[in-house]
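Note that the structure is predicted; figures quoted are calculated from it, not measured. Chain identifiers are assigned alphabetically (A, B, ...) following the order of the sequence lines, protein sequences preceding nucleic acid strands; residue numbering begins at 1 within each chain.
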2 protein chains.
Amino acid sequence: MTPQTPKPRSRRERPAKPALTYDGIIATAVQLMQTEGLQRVTMRRLAQELDTGPASLYVYVRNTAELHAAILEELLGEVDLRQAKAARDWRGRLVSVLTSYTMVLFEHPTLAQSALVARPSGKNYLALVEALLALLNEGGVPDAQAAWGVDVLLQVATATAAEQSTRDRAVDAQDEHDALTAALLGASATTHPRIAALGSELLSGSPEARLEWIFRMLINGALHTPRTDD
Amino acid sequence: MTPQTPKPRSRRERPAKPALTYDGIIATAVQLMQTEGLQRVTMRRLAQELDTGPASLYVYVRNTAELHAAILEELLGEVDLRQAKAARDWRGRLVSVLTSYTMVLFEHPTLAQSALVARPSGKNYLALVEALLALLNEGGVPDAQAAWGVDVLLQVATATAAEQSTRDRAVDAQDEHDALTAALLGASATTHPRIAALGSELLSGSPEARLEWIFRMLINGALHTPRTDD
DNA sequence: ACCTGAACACCGTTCAAGT
DNA sequence: ACCTGAACACCGTTCAAGT
């Protein structure tokens with residue numbers, strides 16, 4: 001009689017060390033980010049979580065940037081693409097999808113920072129691009145303009161989320177914001193007439209109100225700016 | 001006869017250790033960035049360059065982010081604001097100034113990355129904002145729209161430069177770009193009809209042509225999108 | 001092929017102690 | 001007030017050696 005249950009050779013107190021796989025590594029990385037933040041998702045810390053040494057991860061992931069890109073692609077699954085079919089005009093639906101994307105990144109602003117540099121190319125990203133292109137097409141934005149415009153829409157949304165990453169590291173960010181506020185409001189009307197004229201208008205509005213206006217102005221810009229390059 | 005030339009108490013082989021000052025630290029930091037790149041402008045490396053320990057720098061600079069922001073503010077002095085007075089229509093001059101800003105950041109894309117997070121507020125930055133606001137005003141962009149629009153213009157320029165920082169670390173970036181190209185061009189017409197319809201159009205155009213179109217569409221968007229929030 | 005220990009070459013930041 | 005040595009708590013990545 002051969003034993004049906006192979007005795008697990010559990011090392012340490014963990015319930016059995018699972019074999020390393022790409023998917024397993026990324027899943028653990030996402031979990032680690034959710035519990036400890038992206039700044040803790042390092043090769044060393046992740047290896048520790050997987051009960052191995054950092055060198056082992058390099059069999060599956062080229063470097064830290066690639067690891068972060070993979071995490072982002074996972075996260076993009078949370079973007080609410082159903083907004084594309086809501087009962088609103090195409091502009092409103094476009095703004096909704098973009099806002100959902102921005103909100104997902106807002107939860108992890110440091111990831112947004114890396115997203116600017118390491119663009120993903122997985123299925124969730126493709127689905128997002130497709131949804132945006134469909135809405136632009138529905139709104140009558142000419143193909144050539146939609147092709148370049150979709151990039152700008154995502155770039156601005158990503159950059160806006162990335163900017164927010166300062167506001168996390170509370171204290172410094174506050175100081176920095178105060179410095180900018182003081183500089184803008186204290187500008188002299190002789191040397192900086194336009195800054196002085198606009199004054200607090202430059203800093204006005206909630207982040208939400210600003211973002212909505214920005215998305216609308218991008219859409220209008222894409223719709224009304226012909227490509228003259230070719 | 002008293003000696004007229006005081007004997008310098010030179011430590012090591014350096015020609016006399018200058019006293020630390022904020023300006024001296026930033027000047028050395030800028031120089032270090034120019035010779036070795038921003039990734040080498042660390043507290044430790046900079047301290048070494050100044051012939052002291054890293055702890056000494058914390059008397060003048062709160063942290064690494066603040067150091068990088070100070071470097072950026074210095075660099076903004078290189079933006080060519082004379083373009084604002086060139087013999088072209090206001091849109092063309094606006095595009096010129098923005099392009100000059102982008103080019104300055106292009107030389108140091110990792111600095112652009114940090115610029116997204118740690119916005120400067122020094123005199124060079126104020127001069128740039130003032131120049132942009134003056135051009136928007138000249139073009140008849142309503143104040144409320146100019147106030148929010150100037151932020152978007154700078155954000156997009158900064159983000160575009162930051163994106164380029166990948167293209168420096170040559171090999172990975174190429175792989176990543178190839179992955180995106182393959183994903184976009186390989187998209188199925190049934191699952192991703194719009195991506196398939198646009199195809200290579202999505203990746204077309206030189207960076208310069210794209211950027212010029214982007215600036216023009218931002219200007220048009222700002223000009224034609226009223227603020228309805230208040 | 002996959003996995004690993006160990007090493008190399010670094011980091012930011014704090015703190016007690018000096019001048 | 002300014003400066004410092006030393007320490008704490010980390011990093012990414014490579015490589016030779018194992019299985």
Side-chain angles (χ1 to χ4, degrees), chain A residues 9-12 14 16-26 28-29 32-33 36-71 110 113-114 117-118 165-166 168-173 175-176, chain B residues 9 11-12 14 16-26 28-29 32-33 36-71 110 113-114 117-118 165-166 168-173 175:
Chain A
R9 292 158 293 122
S10 61
R11 311 184 184 197
R12 315 218 197 289
R14 285 171 193 278
K17 186 179 164 182
L20 288 180
T21 61
Y22 178 80
D23 290 348
I25 289 170
I26 305 305
T28 307
L32 187 57
M33 181 191 63
E36 308 192 9
L38 188 72
Q39 69 280 164
R40 289 271 173 267
V41 186
T42 63
M43 292 303 232
R44 292 182 103 105
R45 180 73 185 76
L46 180 57
Q48 185 190 317
E49 203 69 11
L50 290 161
D51 200 15
T52 182
S56 308
L57 301 181
Y58 284 84
V59 176
Y60 302 92
V61 168
R62 195 189 314 270
N63 51 41
T64 309
E66 194 176 298
L67 176 65
H68 288 180
I71 294 175
T110 46
Q113 241 187 301
S114 81
V117 177
S165 70
T166 334
D168 286 3
R169 295 167 302 156
V171 176
D172 312 351
D175 286 5
E176 197 187 277
Chain B
R9 293 158 293 121
R11 311 184 183 196
R12 315 215 197 290
R14 285 172 193 277
K17 186 178 164 183
L20 288 180
T21 61
Y22 179 81
D23 290 348
I25 289 169
I26 304 305
T28 307
L32 187 57
M33 180 191 65
E36 308 192 11
L38 188 72
Q39 70 278 165
R40 289 271 173 268
V41 187
T42 62
M43 292 304 232
R44 292 182 103 104
R45 180 73 185 76
L46 179 58
Q48 185 189 316
E49 202 69 11
L50 291 162
D51 201 15
T52 181
S56 308
L57 301 180
Y58 284 85
V59 176
Y60 301 92
V61 168
R62 196 189 314 271
N63 52 41
T64 308
E66 195 175 298
L67 176 64
H68 287 179
I71 294 175
T110 46
Q113 241 187 301
S114 82
V117 176
S165 69
T166 335
D168 286 2
R169 295 167 301 157
V171 176
D172 312 351
D175 285 5

Residue set satisfying side-chain contact (heavy atoms from CB on, under 4.5 Å) with E36(A), at least two apart, ordered chain then number -> L32(A), R40(A), R45(A)
Between CG of L67(A) and C1' of dC11(D) the distance, given in whole Å, is 14 Å
Dot-bracket assigned to DNA chain C with the 3.5 Å Watson-Crick/G-U criterion, [ ] for crossing and | for other-strand pairs, is ||.|||||...|||||.||
Whole-Å distance, L20(B) CG to dA1(D) P, equals 17 Å
Taken to the nearest whole Å, CG/L57(B) to P/dG5(D) is 12 Å
Separation of dC11(D) atom P from R40(B) atom CZ, nearest Å, is 19 Å
Notebook entry, point to check: Are the side chains of V61(A) and M43(A) in touch, meaning some heavy atoms are under 4.5 Å apart?
Noted result: yes
Between L57(B) and L67(B), is there a side-chain heavy-atom distance shorter than 4.5 Å?
no
OP1 or OP2 of dT4(C) under 4.0 Å from side-chain N/O of S56(A)
yes
- Query: How far does the C1' atom of dC10(C) sit from the matching atom of dA9(D), given to the nearest Å?
  - Reply: 14 Å
Between T52(B) and S56(B), the two heavy atoms sitting closest are OG1-OG, 2.8 Å
Whole-Å distance, Y22(A) OH to dC2(C) C1', equals 18 Å
Scoring nucleotides 12-19 of chain D by protein non-hydrogen atoms under 4.0 Å (B base, S sugar-phosphate only, - none) yields BBBB----
Whole-Å distance, D51(A) CG to dC3(C) P, equals 13 Å
For T28(A) and E49(A) the tightest heavy-atom approach is CG2-CG, 3.8 Å
Note: M33(A) and L38(A) closest approach over all heavy atoms is CG-N, 3.7 Å
Rounded to the nearest 0.5 angstrom, the CG-CD distance for L50(B) and Q48(B) is 10.0 Å
Here the pair of heavy atoms bringing Y60(B) nearest to L20(B) is OH-O, 3.1 Å
